[in-house]
There are 2 protein chains.
Amino acid sequence: MILEKKKIFNDFAASKGLRSTRQRDIILDIFLSTRQHVSVEELYLKIKASNPGIGHATVYRTLKLFSEAGLAREILLHDGQTRYEHAVAGEHHDHLVCTGCNSIIEFEDETIEKLQKDIAARHGFLIKNHKLEIYGLCAACRQ
Amino acid sequence: MILEKKKIFNDFAASKGLRSTRQRDIILDIFLSTRQHVSVEELYLKIKASNPGIGHATVYRTLKLFSEAGLAREILLHDGQTRYEHAVAGEHHDHLVCTGCNSIIEFEDETIEKLQKDIAARHGFLIKNHKLEIYGLCAACRQ
DNA sequence: TATGCTTTTGACATTCATTTTCAGTTAGTT
DNA sequence: AACTAACTGAAAATGAATGTCAAAAGCATA
Ligand SMILES: [Mn+2]
Ligand SMILES: [Mn+2]
Ligand SMILES: [Zn+2]
Ligand SMILES: [Zn+2]
């Protein structure tokens, strides 16, 4: 599964004429080993621990490439930090975001997805992507 | 309707012990005269045209007050600028956002709202608010 | 109307995430 | 090995938003 993701990135890189670099390999390894919804800064710090040379700009640039390659999805919650999650082709989910403990619950709902398509169709709108985030308190934070 | 909104703000201000100022009156007037989803900068420039003295900080501070008072809703799309729309108590809608021309289509869907409540209930999650944004191309931008 | 206290304002500085710049390094090709 | 274009990282720049603080204004009271 990790090898599969590395192959996806290599294929993407090849198709775009990108070079294979030590930095990209390291960042991909570490990204694949993190939990979901990691912030760029969290990832940068984790990378720096084992690879002090790698800079902020490279981490930002490389995560954008992972998004383009379909390996990662950018998540913008309401805390001013861009986060990334592991993406799988053809799969999609949305988020319940706890404002108490910052935990995130993922969910999928086919009916909601279908209704979104209906709404778009009704307006002659072509969907590229969407975000559905439900903010509130998780079971633990409700006390 | 505009008078009604002014009353809502005045009542809110009174309940919070806020003072009535020329700046707040002007900013409310101009906010109420703008189209939906105005960015803070757009609003600031419009205000400055007739009232050169009013500063950025006051516009930011005052819009936050309008949100608290329930007159405005903060919208964070993917362009890094906070926008505000006119809010009406008890009403809610979501957005189709055209990445071609930046236009926004508003929609309401009771079934989606209901399904969100079901999902939250299933996870023991207490909803405070949510955002559903569908990005893509509007009919005009599809050509 | 004057006094006094408190809130509000706005110029300016600051913050903080992200992007840009650019000179030096590196990958991949001939 | 030589060449060339892509890549990197330190540092600077950007830009939205917030903090600071002295001056101004609102409002209660005398
Ligand atoms: Mn997720
Ligand atoms: Mn709207
Ligand atoms: Zn929680
Ligand atoms: Zn459009």
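Chain A is the first sequence line, chain B the second, and so forth, proteins listed ahead of strands; every chain is numbered from 1. Here the structure is a predicted model, which means the values were calculated and not measured.
Using a 4.0 Å heavy-atom distance criterion, B/Q81 is classed as a sugar-phosphate-only contact. Contact annotation for B/K64: backbone-only contact, meaning every heavy-atom pair under 4.0 Å involves sugar-phosphate atoms and none involves a base. Across all strands shown, B/G53 has heavy atoms under 4.0 Å from sugar-phosphate atoms exclusively, and none from any base.
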For B/Q116 and A/L132, run side-chain contact (heavy atoms from CB on, under 4.5 Å): C-alpha distance rounded to whole Å, both residues' side-chain angles, the deciding distance at 0.1 Å, then the answer. CA-CA 10 Å; B/Q116 290 182 38; A/L132 171 54; 3.7 Å; yes

Would you check, one step at a time, whether the test ring-ring contact (aromatic ring centres under 6.0 Å, His included) holds for B/F31 with B/H86? CA-CA 8 Å; B/F31 172 65; B/H86 306 146; 4.6 Å; yes

What pairs of nitrogen or oxygen atoms, one from the protein and one from nucleotides 22-28 of chain C, lie under 3.5 Å apart?
residue : atom : partner : partner atom : Å
C/dA27  : N3   : A/R19   : NH1          : 3.0
C/dG28  : OP1  : A/S20   : N            : 3.3

Please write out the pairs of protein N or O atoms and N or O atoms of nucleotides 28-30 of chain D separated by less than 3.5 Å, giving the distance to one decimal.
none

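For the pair A/Y84 OH and C/dA17 P, the interatomic distance rounds to 15 Å; values are reported in whole Å. Separating the OH atom of A/Y44 from the P atom of D/dT8 is a distance of 15 Å, rounded to the nearest angstrom. As rounded to whole Å, 15 Å separates atom P of C/dA17 from atom CG of A/L77. One atom, CG of B/L63, and another, P of D/dA17, lie 10 Å apart when rounded to the nearest Å. Put simply, CG on B/N10 is 11 Å from P on D/dC27, counting in whole angstrom units. When the C1' atom of C/dT8 is taken as reference, atom CD1 of B/I26 falls 14 Å away, rounded to whole Å. For the pair A/D79 CG and D/dA17 C1', the interatomic distance rounds to 15 Å; values are reported in whole Å. B/L43 has its CG atom 15 Å from the C1' atom of D/dA17, to the nearest Å.
Between B/Q23 and the phosphate of C/dT8, there is no side-chain N or O to OP1/OP2 separation shorter than 4.0 Å. Side-chain nitrogen and oxygen atoms of A/T58 include none within less than 4.0 Å of the OP1 or OP2 phosphate oxygen of D/dC7. OP1 and OP2 of C/dT7 both lie 4.0 Å or more from every side-chain N or O belonging to B/K16. At D/dT18, none of the side-chain N or O atoms of B/Y60 fall inside 4.0 Å of OP1 or OP2 (strictly under the cut-off).
Screening B/E106, B/E85, B/E42 against B/R35 for a salt bridge (charged side-chain N to carboxylate O under 4.0 Å, His left out) leaves a single residue, B/E42.
Closest to the side chain of A/T82, out of C/dT18, C/dG10, D/dA10, is C/dT18.
A/K128 and B/T99 are linked by a side-chain donor-acceptor pair at a separation below 3.5 angstrom, with hydrogens and angles left out of the test.
For the pair A/L77 and A/H37, the minimum side-chain heavy-atom distance is 4.5 Å or more.
Ring orientation note: the planes of A/H78 and A/Y135 are close to parallel, at an angle under 30° on the 30°/60° scale.
In this structure, SG in B/C141 is found 9.0 Å from CZ in A/F125, a value given to the nearest 0.5 Å.
Comparing A/L76 and B/T62 by the nucleotide of DNA chain C that holds the closest heavy atom to each, the one mapping nearer the 5' end is B/T62. When each of A/V59 and B/H56 is assigned the nucleotide of DNA chain D bearing its nearest heavy atom, the one mapping closer to the 5' terminus is A/V59.
Contact check on B/D118 versus B/K114 returns a salt bridge, with a Lys/Arg side-chain nitrogen under 4.0 Å from an Asp/Glu carboxylate oxygen. Residues B/D25 and B/K6 are not paired through a salt bridge, judged by the lack of any N-O separation under 4.0 Å between the basic side chain and the carboxylate.
In summary, the aromatic rings of B/F9 and B/F66 are positioned with their centroids under 6.0 Å apart.
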